[in-house]
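Residue numbering restarts at 1 for every chain, and letters A, B, ... go by the order of the sequence lines. None of these values were measured; they are calculated from a predicted model.
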Number of protein chains: 2
Amino acid sequence: MDEIKIPKATARRLPLYYRYLIFLNDEGKEKVSSTELAEAVQVDSASIRRDFSYFGALGKRGYGYDVKNLLNFFKKILNQDTLTNVALVGVGNMGHALLNYNFKRTNNIRISAAFDINPEITGTIMSGVPVYDMSEMKKQLREQQITIAILCVPQTAAQKTANEMFDAGIKGIMNFTPLRLSAPSSVRVQNVDLATELQTLIYFLDSDKDKNKK
Amino acid sequence: MDEIKIPKATARRLPLYYRYLIFLNDEGKEKVSSTELAEAVQVDSASIRRDFSYFGALGKRGYGYDVKNLLNFFKKILNQDTLTNVALVGVGNMGHALLNYNFKRTNNIRISAAFDINPEITGTIMSGVPVYDMSEMKKQLREQQITIAILCVPQTAAQKTANEMFDAGIKGIMNFTPLRLSAPSSVRVQNVDLATELQTLIYFLDSDKDKNKK
DNA sequence: TTCTCCTAGTGCTTATTTTAACATAGTGAA
DNA sequence: TTCACTATGTTAAAATAAGCACTAGGAGAA
């Protein structure tokens, strides 16, 4: 294995770079400097150069980075050359919003199956995505070989549902429930905790305010 | 100013602790140890003790932390003793989902005004929240003294809308658009970038896979 | 072709965060 | 009251991340 280990912080920024490169390419821009990128994605230019350097010498000194080259490079790195199918588990308010969220546009991701227990929507197609009853989840996930899922069920059902998902071979979960799932070590869980983030924002604002008061 | 500076990483975990303390309190638990907490919120127990220690000695050696005490303490720290009103700007799919997202349940946060340009919904009340036309935003935000907003407009309108918000006195934005807003330094922007997070998850999964292959 | 300028790549420094380890103080039982 | 335990608070160390500042090397003009 000759791959260099990419720091987590870097990995988290890659999609950001990728998205902006798509934009630049669409605009017809041919080259871009780390400084320009820095401004757009709001990451220090040195950090950007460092991030890129983990993958080798991608740019040209005195010139910058070739947009098309870089774009294609990251496309491969980020597995954007193949469509990734993900499942949506729980089609409530948030789930519904995500069904309409166009992941495919800039990211090559598609929600290809949804699951819920509500008989009013199971069996239907919502926003182009078939909604199955939860009882079919394991079967469908396996058949469609889906390994990534977005979890949007109520907190009370979260762990139980997650367990079924692990059983069905799910390897990555984007968890919208406030519960910290217990999961096998082979499974990655990415928590999206909106209430917490809003709370944190409020906390920072209040501490900013205190600072000014003193 | 005798306050100690709280590290950002700590601040981001506070709402997590708070939420779990509410749960423990509801369960009737009287004490909790850092180890127990660690398991529930999936943060190393030493980190938890360290986090707490920034606020002084909150626990008792050989005993743990008193749930009620700790809960009340964090309630104040996190400004949970007063209701925080926030605005929702852009009532599309995501905005609509957030209107129904119960921030108030565990966090003392309420969306008290929403704004959109769609004449079909402006002037109505959705999920208990009045929806105003965008042209009234500045006026309403000022009158209602709202300083925090959730931005859910299309990317193309994001910066322009944000500028109006700054103008209206907004100090914190939870930004659901993929655009990195340029904002005055006095304003905090918290980016919630779902496509990026999903992308990152996929990247990590693929690199996990590579690891096993070798 | 030459020379100036620009910007990538990188060694090193600093800041931040996490983790380990332990002395200590207080608990709770006898 | 004593004593064994338990879990905090904290010191020190390690790991991770960010950023400065310089070198080198190609770009592009003259």
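For DNA chain D, the neighbouring residues in residues 7-20 of chain A, judged by any heavy atom under 4.0 Å, are A:P7, A:K8, A:A9, A:R13.
Listed nucleotides: D:dG19, D:dT8, C:dG9. Nearest to the side chain of A:A46: D:dG19.
Defined by atom type and a distance below 3.5 Å, a donor-acceptor pair is missing between the side-chain atoms of B:Q80 and B:N108. No side-chain donor-acceptor contact under 3.5 Å links A:T200 and B:R12.
Residue A:S34 places at least one side-chain N or O closer than 4.0 Å to OP1 or OP2 of C:dA8.
Whole-Å rounding puts the A:F52 CZ to D:dA18 P distance at 14 Å. Between B:D44 atom CG and C:dA21 atom P the separation is 12 Å, expressed in whole Å. Distance B:D66 CG to D:dT8 P: 13 Å, rounded to the nearest Å. If you take CD1 of A:I48 and P of D:dA17, they are 17 Å apart, rounded to a whole angstrom.
Aromatic rings from A:Y17 and A:F73 are positioned such that their centres are separated by 6.0 Å or more.
Using a 4.0 Å heavy-atom distance criterion, B:Y65 is classed as a sugar-phosphate-only contact.
Remark: A:K31 is not positioned above the aromatic ring of A:Y65, lacking an NZ or CZ atom under 6.0 angstrom from the ring centre and at most 45 degrees off the axis.
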* Structure fact -> Each nucleotide of nucleotides 23-30 of chain C classed B (base within 4.0 Å of a protein heavy atom), S (only sugar-phosphate) or -, in 5' to 3' order, makes BBBBSS--
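Note that the two end axes of the helix from C:dT1-D:dA30 to C:dA30-D:dT1 enclose an angle of 30°, each drawn from 5 base pairs, rounded to 10 degrees.
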